Chemist: 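Structure provided below as structure tokens; questions to follow.
Quantities reported herein were computed from a predicted structural model and do not represent experimental measurements. Sequence lines set the chain letters: A, B, ... in the order given, protein chains first and strands last, and positions in each chain run from 1.
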Amino acid sequence: MNKRMLTQNAAFGMFWLAGIVAVLIMAFVVGYIFVKGFPGISLDFFTTSPRGGLSGDGGIYSTVVTTFYMIVVTLTFATPLGVGAAIYLTEYSANTENKVVRKLVTVARFGVETLAGVPSIVFGLFGYALFVSALNFGFSILSASLAGACLIIPVIIRTTEEALKSVPSGYREGSLALGANRWETTWKVVLPAAFRGISTGILLSAGRIVSETAIFFVTLGGSYRVPHSLMSGGRTMALHVYYLAMETRAFDKAMSTAAVLVGLIIVMNLTINMITSKIAAK
Amino acid sequence: METEVTRMQAEDYSLFYGQFKALNKINIKIPANRVTAFIGPSGCGKSTFLRSFNRMNDLIPSVTTTGTVYLDGKDVGKQDVVELRRKVGMVFQRPNPFPKSIFDNVAYGPRLHGTKNKSDLAVLVEKSLRRSALWDEVKDDLQKSGMSLSGGQQQRLCIARAIAVNPEVILMDEPASALDPVATLKIEELMNELKNKYTIAIVTHNMQQAGRVSDYTAFMLTDENRSGNLIEFGATKQIFTTPSDSRTEDYISGRFG
Amino acid sequence: METEVTRMQAEDYSLFYGQFKALNKINIKIPANRVTAFIGPSGCGKSTFLRSFNRMNDLIPSVTTTGTVYLDGKDVGKQDVVELRRKVGMVFQRPNPFPKSIFDNVAYGPRLHGTKNKSDLAVLVEKSLRRSALWDEVKDDLQKSGMSLSGGQQQRLCIARAIAVNPEVILMDEPASALDPVATLKIEELMNELKNKYTIAIVTHNMQQAGRVSDYTAFMLTDENRSGNLIEFGATKQIFTTPSDSRTEDYISGRFG
Amino acid sequence: MTSGTRRTGLEKIMKTVLLISALASVLIVLLIFVFTLKEAMPAFREIGVWKMLSGTTWRPGNGEFGILAMIAGSGLVTLGAIIIGVPLALGTAVFLSEIAPEWIVRVVRPSIELLAGIPSVVYGLFGMVIIVPLVRMIPAPGNAGFGLLSASIVLAVMVLPTIANISEFAIRSVPRGYKEGSLALGATKWETISRVMIPAARPGIISAVVLGLGRALGETIAMIMVIGNSVILPTAMTDNPLSIFLSRARTLTGNIAVEISYATGVHESALFATGVVLFILIMLVNSSARFLLKKGAQ
Amino acid sequence: MSRDSFDRELQEIKRNLFQVTGEVRKNLTASVRYLEKRDMQGASIIIESDEMINQKCLEIEEQCLNIIATQQPVATDLRLLFSILQISTEIERIGDYAKGIARISLKIGPGKLIKPLIDIPRMEEIAGQMLDDAIRAFAEDDEQAARTIPARDLQIDVLYNQVHRELITFIMEKPSSIEQTMMLDWVAHNLERVGERVINICERVIFTVTGVSVDLN
Amino acid sequence: MSRDSFDRELQEIKRNLFQVTGEVRKNLTASVRYLEKRDMQGASIIIESDEMINQKCLEIEEQCLNIIATQQPVATDLRLLFSILQISTEIERIGDYAKGIARISLKIGPGKLIKPLIDIPRMEEIAGQMLDDAIRAFAEDDEQAARTIPARDLQIDVLYNQVHRELITFIMEKPSSIEQTMMLDWVAHNLERVGERVINICERVIFTVTGVSVDLN
Amino acid sequence: GEQATADGTEAVEEVEISVVGSTTVQPLAELLSEAYEAIHPNVLVTISGGGSSVGVKSAAEQTADIGMASREIKDSEIQDCPEIVIHTIARDGIAIVANPDLDINGLTMEQARDIFAGEITDWSEVGGSAGMIIVAAREEGSGTRSAFEDLVMDESLISETAILQPSNGAIRTTVATTPGCIAFISFGYLDDSTKPVAIDGALPTPENVNAGTYPVVRPLNMVTYGEPTGAVAQWLQFIVGEDGQAIVAAEGYLPI
Ligand SMILES: Nc1ncnc2c1ncn2[C@@H]1O[C@H](COP(=O)(O)OP(=O)(O)OP(=O)(O)O)[C@@H](O)[C@H]1O
Ligand SMILES: Nc1ncnc2c1ncn2[C@@H]1O[C@H](COP(=O)(O)OP(=O)(O)OP(=O)(O)O)[C@@H](O)[C@H]1O
Ligand SMILES: [Mg+2]
Ligand SMILES: [Mg+2]
Ligand SMILES: O=P([O-])([O-])[O-]
């Protein structure tokens with residue numbers, strides 16, 4: 001009996017340690033970046049663009065703008081496709097007798113799953129080969145966000161599917177039994193009920209765009225100017241951290257930018273948590 | 001029985017899930033303005049049969065059928081499914097109000113079917129809620145979410161929602177199995193009142209419930225091929241006191257197996 | 001009642017979830033080798049009370065209690081919880097066999113408590129399975145996963161698992177609510193046999209079931225503070241024919257509300 | 001036109017539109033594969049698939065395009081990350097799902113989610129500034145800090161959330177009944193966890209690890225920043241075979257990212273070929289994860 | 001609160017019981033009246049109507065069976081149904097006694113009675129009153145009343161003994177009247193039986209209310 | 001198969017019914033024998049034992065109530081319980097008739113009877129046989145038997161009429177014997193009633209088996 | 001930057017010049033553009049990286065106005081697109097730098113070659129105190145690397161075990177922080193975090209390059225498709241002009 005409890009205490013000690021270490025890692029990474037980064041953050045830091053070549057002077061204004069553009073444009077491409085695909089896969093696919101369509105659905109599912117596993121550098125390669133070179137979009141927000149959209153479409157499809165699936169099937173049956181057709185049911189009942197879930201998916205995708213570096217490294221060009229059209233190149237905050245770290249000696253600036261990035265991610269996570277906890281509360 | 005008006009009818013109705021014959025040549029006449037209960041062991045096809053009345057089985061791609069189901073003498077398979085489902089309402093096992101206000105829940109069906117006028121809708125919603133015996137409990141806050149109601153209230157809301165499109169028949173698949181005994185009795189009482197205006201078909205696992213609520217009882221059972229057959233159909237009183245088939249007796253007296 | 005041996009007892013037992021008093025000064029003596037049923041509307045604290053007997057409530061951090069629960073005259077709170085739970089077995093609402101073989105499911109408890117010898121285990125497993133009336137159905141393949149059994153079989157497997165550690169008391173929280181009527185009756189019959197060797201306490205929503213299976217019935221109800229109280233306790237026959245409290249009568253006759 | 005036919009018409013249109021959206025992913029996958037493969041073809045043709053895969057020398061300037069070193073690098077760095085990260089991640093998962101009090105869970109879980117959200121470039125930066133100098137302090141000839149160990153540590157932190165999250169979910173989704181059933185039989189919490197919960201969650205945990213593996217294989221930027229990028233088959237640097245992890249290396253991803261900007265001709269094509277290899281490798285890993293998950297679901 | 005339809009059904013059965021009781025009660029009084037008045041036709045009607053009474057009692061029994069089978073009543077409801085079942089049997093028997101009296105009436109034939117009836121109508125009056133009160137006690141769950149009514153049966157017994165002795169004296173005086181006299185003794189006996197049936201009803205009332213079976217005889 | 005415990009309970013009730021029937025049957029025969037033999041003590045024992053019979057019948061009734069309340073039987077089970085309930089009442093009444101005969105025995109006193117009993121023991125024999133057969137029919141769900149038994153009641157009726165007429169003649173001849181003669185008439189009457197009770201039992205058997213209420217009178 | 005146009009001085013039409021290519025030239029070009037835009041508010045010069053090869057290709061395919069290359073334009077590239085015009089805007093020395101803690105001040109060309117080839121592995125072999133030599137280098141394809149190979153390595157190959165970093169900045173950081181490390185970087189990146197190593201006695205300074213004593217030099221080029229016109233031409237003129245070359249010099253590169 002005593003031995004059983006001793007074993008348990010030993011095991012639990014290890015688990016506590018694991019939990020503590022995990023938190024310490026987080027605290028250390030984030031803390032270090034904040035401690036090193038905060039001193040460099042001022043209003044100027046946000047309102048001026050990078051300048052001065054290798055000196056790493058200036059702030060991050062243009063990179064914030066670029067990041068924002070990237071989020072908007074990428075989501076504009078990916079959201080309708082992703083949500084639409086998810087709707088088809090969850091709401092329609094199970095209800096087709098047509099053999100061809102069923103095959104297509106299997107293929108589509110495979111596509112989504114494969115896409116989700118593709119490493120981002122391959123999206124980069126692909127974006128570089130197709131959008132930058134073959135389609136001649138050059139290093140531009142357009143090229144980068146098309147490649148980025150490929151990255152987040154599976155994320156949106158998955159989270160949206162999850163959200164749609166978590167809508168009780170009773171809602172659908174209830175609506176169908178009242179004489180509504182599929183689309184009416186989806187539009188009026190299922191989508192509103194899944195809205196929060198879908199929006200966390202979109203937010204999550206925005207987070208992916210904010211943090212992504214590898215794809216944009218080979219598609220966005222890295223110009224630190226404020227982009228003024230879809231065809232402009234640019235530099236997201238994450239890319240800026242990379243440039244600062246790898247090209248210049250401005251590690252302090254890199255840290256400040258990283259701190260801003262991490263801060264942004266924290267805010268996004270909090271928002272997602274808020275939304276999901278509201279879903280859970282329902 | 002002979003004197004009853006038939007509202008729905010199945011004639012040599014068989015249903016297949018792919019190769020599997022789930023219902024085997026069912027013949028039955030569901031009398032109008034009565035509560036007809038379907039009882040039988042799990043998997044005997046009660047739900048499947050019930051869902052044939054409003055063609056909910058159409059949603060399952062593998063389903064094929066032979067024979068005919070009639071509503072008021074007309075083959076349901078040849079009717080517009082949207083219109084059919086308006087006429088044949090359905091209430092499910094778990095209360096499934098939409099995550100909308102009470103008002104919007106009830107108004108959902110009428111809006112679909114073209115009632116847009118606000119005051120018409122208000123009248124309709126009130127009438128439906130009164131009829132489902134929920135009005136007094138919710139009239140003070142129709143904008144409250146339907147989900148915030150208790151289980152029993154939710155189920156009555158679902159009944160109101162079904163009523164709001166002015167159906168002729170209401171199908172209920174174990175409508176009280178997720179409710180506690182008190183809420184269950186309320187639903188049962190409600191059925192008793194609704195049958196004045198509607199024809200009600202209910203699936204239940206609970207023999208006692210069938211006894212309490214129904215005027216007619218249909219007993220189903222699977223045969224050696226696991227297909228569901230209608231074993232006996234008759235007035236509930238008769239089924240519960242002098243069933244004519246020994247399998248019915250075994251089942252209702254709990255000796256089945 | 002006076003002539004019965006008391007196996008478990010609660011004395012002025014109250015239980016709080018944080019600030020909320022879920023059980024209010026319960027006094028009851030559970031007679032040995034009898035089936036005692038707990039009935040009452042949802043939320044009256046039946047499950048909570050049942051779980052007090054084997055201290056499953058210890059798992060909920062917010063729980064505090066006053067008063068005492070005794071097993072064979074000894075305060076359960078002062079006993080080693082692991083040993084207590086061996087003596088007081090539990091069967092849950094949903095059958096919950098472990099995702100292991102039938103054999104390993106039944107052998108799980110004995111192994112924990114030190115039986116390692118293979119042949120001892122085999123004997124024990126067979127005995128437990130026989131006692132839970134499952135042996136004949138599974139003896140040909142004890143290596144089959146416990147999950148592959150039907151719901152009713154799974155529940156009997158869980159009973160066998162509980163029996164295997166040689167408990168004195170078996171607690172059952174709505175053990176048949178997830179089962180169909182046929183499987184339910186089997187479980188009920190089983191209880192009837194098990195009470196020869198064990199003391200059984202069962203929570204049920206189903207008055208009919210309480211009537212069928214139990215020798216004693218305890219009726220619980222929430223008071224104005226939503227705390228659960230024991231309203232009436234007595235021989236099931238008496239409760240079902242001449243309850244002494246009008247609330248009991250209202251509840252068992254379905255007039256509660 | 002009646003409202004009925006209008007309603008039906010809309011339904012049909014939407015159905016088609018949605019089907020097309022659903023197929024977009026396939027189209028993208030196809031495009032990716034076709035384009036990458038097309039770009040990679042010249043390299044495969046000129047160098048030969050086998051020669052590429054088995055070649056240990058990568059000197060585009062000399063027309064040598066062996067990627068075995070990169071495959072080894074990717075493999076080793078992932079292995080290192082798994083060795084460091086998995087125990088920690090699983091420990092955390094068990095801790096969160098079964099042991100920690102609620103308020104601690106409320107602190108730890110968001111911390112781990114935050115770890116998942118931090119951009120990889122930030123990890124890279126952190127690795128360059130903190131991990132690499134720390135690793136450099138290990139006495140071994142030629143140890144510059146940059147190398148597999150640093151990369152594995154960074155990667156371990158990066159996959160920690162993936163593995164911990166999915167494992168925690170797997171453990172949490174073990175039906176409550178298992179736990180209660182075991183406890184009610186007089187098992188201690190640890191016996192319950194080790195004999196019932198973890199075995200029941202095993203498929204989920206395994207696929208969590210495999211998914212983490214996939215993510216680790218695909219990581220790029222942070223790797224470039226700390227691994228040293230040398231194209232060599234890693235070898236032990238001292239007598240201790242573990243010192244292989246002090247060796248510098250290059251990952252498949254790093255190979256692409258580092259050189260794509262400068263590459264032309266066969267060199268560029270070879271990088272695309274690297275991409276193809278990476279793609280296939282990760283597909284293998286992921287589909288085995290999916291397979292495990294499916295098997296677990298049964 | 002709830003179970004409205006069940007309560008409604010219960011009430012209906014009760015109503016049926018009261019109705020048939022009313023008819024039996026009427027027949028009982030009528031049977032003695034017609035005997036006094038030598039109304040052959042009236043007696044025939046009573047005999048005929050008993051068929052219907054039996055039928056009604058059977059129906060009540062069937063209703064009880066149905067409601068027990070379909071509604072699964074317990075406790076008071078179930079006791080009530082049990083009682084209704086038993087009371088309806090008692091009522092049916094009382095109906096039979098009335099029919100018996102009417103039959104005797106017919107057997108005696110239209111001629112004048114050998115002696116005027118004095119105590120027999122008194123017996124009927126008391127028995128009828130007891131029946132009325134017992135049924136009222138049942139309707140009102142009046143345990144108290146049910147406990148006091150049986151005492152009145154003593155009066156009936158006293159009257160019956162009186163009638164019996166009187167009739168025996170009569171026979172001794174006038175042996176040729178023996179047939180009619182014995183028949184009248186039968187009538188008194190039947191009325192005495194009614195008293196006992198009413199006591200049974202009272203027992204049922206007490207059972208319904210308290211759940212305890214008592215023996216009031 | 002299932003519902004074992006329920007079936008066991010049902011069987012027990014049935015057993016109790018058979019047991020009490022056995023006792024009643026014994027008392028019935030004994031009551032007439034003791035009347036013949038002028039066995040005052042035996043008669044007293046019968047009167048005493050009736051208390052226990054009543055008690056047993058009450059118990060059966062209670063068991064039926066309990067099993068209906070707790071087990072919610074339907075269909076055949078429920079009909080069976082209904083029938084047991086009614087049959088036990090009939091049996092109890094038959095017991096009462098035996099007690100009545102014993103009482104008369106006591107009233108007549110230990111002296112010799114005014115005339116030897118011939119038809120009355122015959123009546124008892126037939127009625128007792130009918131009771132045996134009816135209970136057997138019940139035990140065996142033998143609808144056929146239940147339908148044929150009532151015909152035998154005619155014999156009893158014939159015997160009763162015979163006894164009655166005989167006794168009337170006797171009184172006319174010897175008015176002083178009127179008290180005892182009328183008492184013997186009572187005995188015959190009681191036995192005649194037994195026949196009718198048995199018919200009721202047969203009706204119940206048919207109801208149990210078929211669910212149909214018939215009137216065999 | 002470009003906000004200069006917002007403060008009312010815009011009279012001339014807005015022009016954008018896109019410049020793509022070498023990441024070595026990129027920071028210099030950025031500085032030049034900042035200076036140029038200050039005096040020409042209507043002009044916006046966007047500078048993207050991508051590498052020398054991409055720069056040449058972009059110019060050839062006309063997806064950018066100007067391509068940047070940190071090396072000589074290859075014959076193959078000229079063959080592919082004979083229309084391209086090369087504008088050398090500066091020269092860049094490639095300096096060998098070592099970790100500042102090292103007690104090594106100069107190497108011979110030979111020694112340097114052997115060190116980078118991995119044949120000399122300990123500092124004691126070249127006169128320093130004992131310690132493992134850690135070589136860092138740019139990645140394959142880098143203009144800096146190929147220039148270094150051309151100018152220093154002859155037929156030898158850079159050691160496989162060298163730390164490879166994809167940018168000059170990263171190399172500088174690596175050298176600065178790694179004990180025993182040696183590497184080569186563009187002059188533009190020279191600062192006091194690393195220790196310049198003299199080759200054959202000549203320290204890597206613009207003076208020594210100009211004097212011809214420091215041999216490791218390469219051109220920094222801008223490439224256009226055809227002769228430039230308009231704004232592009234003006235911008236290129238600005239670079240090669242006095243102001244432009246002043247910036248070039250200030251950044252440590254060699255004016256032409
Ligand atoms: N979508 C489906 N595809 C294939 N088979 C199905 C499907 N739905 C039901 N079945 C099968 O059809 C038979 C009848 O199922 P159904 O759900 O109608 O039974 P039920 O009588 O309602 O049972 P329960 O009482 O458990 O609800 C079962 O054998 C079931 O397995
Ligand atoms: N873990 C918990 N924390 C807080 N309150 C709880 C918890 N579990 C139960 N309760 C509350 O305690 C009361 C009694 O709950 P319990 O589950 O014992 O009721 P029950 O009688 O078993 O109901 P049911 O029939 O629905 O199972 C309820 O008000 C419930 O909301
Ligand atoms: Mg069903
Ligand atoms: Mg509970
Ligand atoms: O970046 P590079 O100048 O070395 O090509």
Chemist: Counting only heavy atoms closer than 4.5 Å, note whether I266(A) contacts chain D via side chain, backbone, both or neither.
Modeler: both
Chemist: Give, as side chain, backbone, both or neither, the part of L115(A) having an atom under 4.5 angstrom from any heavy atom of chain D.
Modeler: both
Chemist: I'd like to know which of V17(D), I112(D), L31(D) tops the heavy-atom pair count under 4.5 Å against chain A.
Modeler: L31(D)
Chemist: Please look at N273(A) and chain D and tell me whether the side chain, the backbone, both or neither of the residue comes under 4.5 angstrom of a heavy atom of that chain.
Modeler: side chain
Chemist: Counting only non-hydrogen atoms closer than 4.5 Å, does F126(D) touch chain A with its backbone (N, CA, C, O), its side chain (CB onward), both, or neither?
Modeler: side chain
Chemist: Where on A86(A) is there a heavy atom nearer than 4.5 Å to chain D: the side chain, the backbone, both, or neither?
Modeler: neither
Chemist: In terms of heavy-atom proximity below 4.5 Å to chain D, should Y242(A) be classed as side chain, backbone, both, or neither?
Modeler: both
Chemist: With a 4.5 angstrom heavy-atom cut-off, could you sort out which part of M246(A) is near chain D: side chain, backbone, both or neither?
Modeler: side chain
Chemist: So for Y128(A), is it side chain, backbone, both, or neither that comes closer than 4.5 Å to the heavy atoms of chain D?
Modeler: side chain
Chemist: Where on M237(A) is there a heavy atom nearer than 4.5 Å to chain D: the side chain, the backbone, both, or neither?
Modeler: neither
Chemist: Sort I130(D) into side chain, backbone, both or neither according to what part of it lies under 4.5 angstrom from a heavy atom of chain A.
Modeler: side chain
Chemist: Do you know which of T92(D), V121(D), V26(D), V29(D) has the most heavy-atom pairs with chain A at a distance under 4.5 angstrom?
Modeler: V121(D)
Chemist: Chain A heavy atoms under 4.5 Å from I193(D): which part of the residue, side chain, backbone, both or neither?
Modeler: side chain
Chemist: Would you call the rings of F15(A) and W190(D) parallel, tilted or perpendicular, taking 30° and 60° as the class edges?
Modeler: tilted
